[in-house]
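Residue numbers start at 1 and run along the sequence shown.
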Amino acid sequence: MIIIDDQLSRIVLGGDRPGVLASDELATTWSFQYRLVRALIDDRIDGRLSRGAAASLRATAAAPPPRVLRVLDPRAVTQRAAELAIADRLNLLFAELLASAQHHGATIALSEGNIGRTWPGLMEQHGIPFEVLP
């Protein structure tokens, strides 16, 4: 399993599976799905997630087909995410991502624009394989 961020989810839900994403089950966290859906439905925003989004993409992002993109249930990782947030001073988005990768034995793939400055070191520290995609 590869857990992807909101930007890569938008690409995948639009019908493309670039590079490393072509050969594995893809999933995203609830937080990343929420960020994508919010960006797509807020007509006041014109950012890289919302720009040029068709109505069909909005509907697909809100309820992605599991064979294309699985949305991980956060309840299974809530306690671990809280522990990581306390120990490593993480925000909810990254704590859920790390806890989900640990729980599912998954790789993380992130778009360049979504990587926090401390994220690569923390993923390495916690033994989580990760990829950065342009």
Going hydrophobic residue to hydrophobic residue with side-chain gaps under 4.5 angstrom, can you get from [X] over to [Y]?
X    : Y    : value
I115 : L133 : no
V20  : L13  : yes
V68  : L57  : yes

Just verifying a value: how many Å separate [X] [atom1] and [Y] [atom2], rounded to the nearest 0.5 Å?
X   : Y    : atom1 : atom2 : value
E83 : T78  : CD    : OG1   : 11.0 Å
I11 : L69  : CD1   : CG    : 12.0 Å
D6  : N114 : CG    : CG    : 5.0 Å
L36 : L8   : CG    : CG    : 11.0 Å
Q7  : R35  : CD    : CZ    : 7.5 Å

Taking all non-hydrogen atoms of both residues, which atom of [X] and which atom of [Y] are closest, and how far apart?
X    : Y    : value
Q33  : P64  : NE2-CD, 3.6 Å
M123 : L110 : CE-CD1, 4.0 Å
R58  : L40  : NE-O, 2.7 Å
P65  : T60  : CD-CG2, 3.9 Å
I128 : A106 : CG2-O, 4.0 Å
A109 : I2   : CB-CG2, 3.6 Å

So for atom CD, which belongs to E25, do other residues, nucleotides or ligands contribute more than 12 heavy atoms lying within a distance under 6.0 Å?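 Correct, the count exceeds 12.
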
request  = Return the set of residues passing ring pair (Phe, Tyr, Trp, His ring centres under 6.0 Å) with F130 (not counting sequence neighbours), or none when no residue passes.
outcome  =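 Listed in chain order: nothing, the list is empty.
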
Return yes if some donor-acceptor pair links the side-chain N/O of [X] with the main-chain N/O of [Y] below 3.5 Å, else return no.
X    : Y    : result
E112 : V132 : no
R10  : A61  : no
T28  : I4   : yes

List the atom pairs, with distances to 0.1 Å, where a side-chain N or O of residues 84-98 and a protein N or O form a donor-acceptor pair under 3.5 Å, not counting sequence neighbours.
unit_1 : atom_1 : unit_2 : atom_2 : d
D88    : OD2    : H126   : NE2    : 2.7
N91    : OD1    : L93    : N      : 3.3
N91    : OD1    : F94    : N      : 2.8
E96    : OE1    : S31    : N      : 3.1
E96    : OE1    : S31    : OG     : 2.4
E96    : OE2    : W30    : N      : 3.2

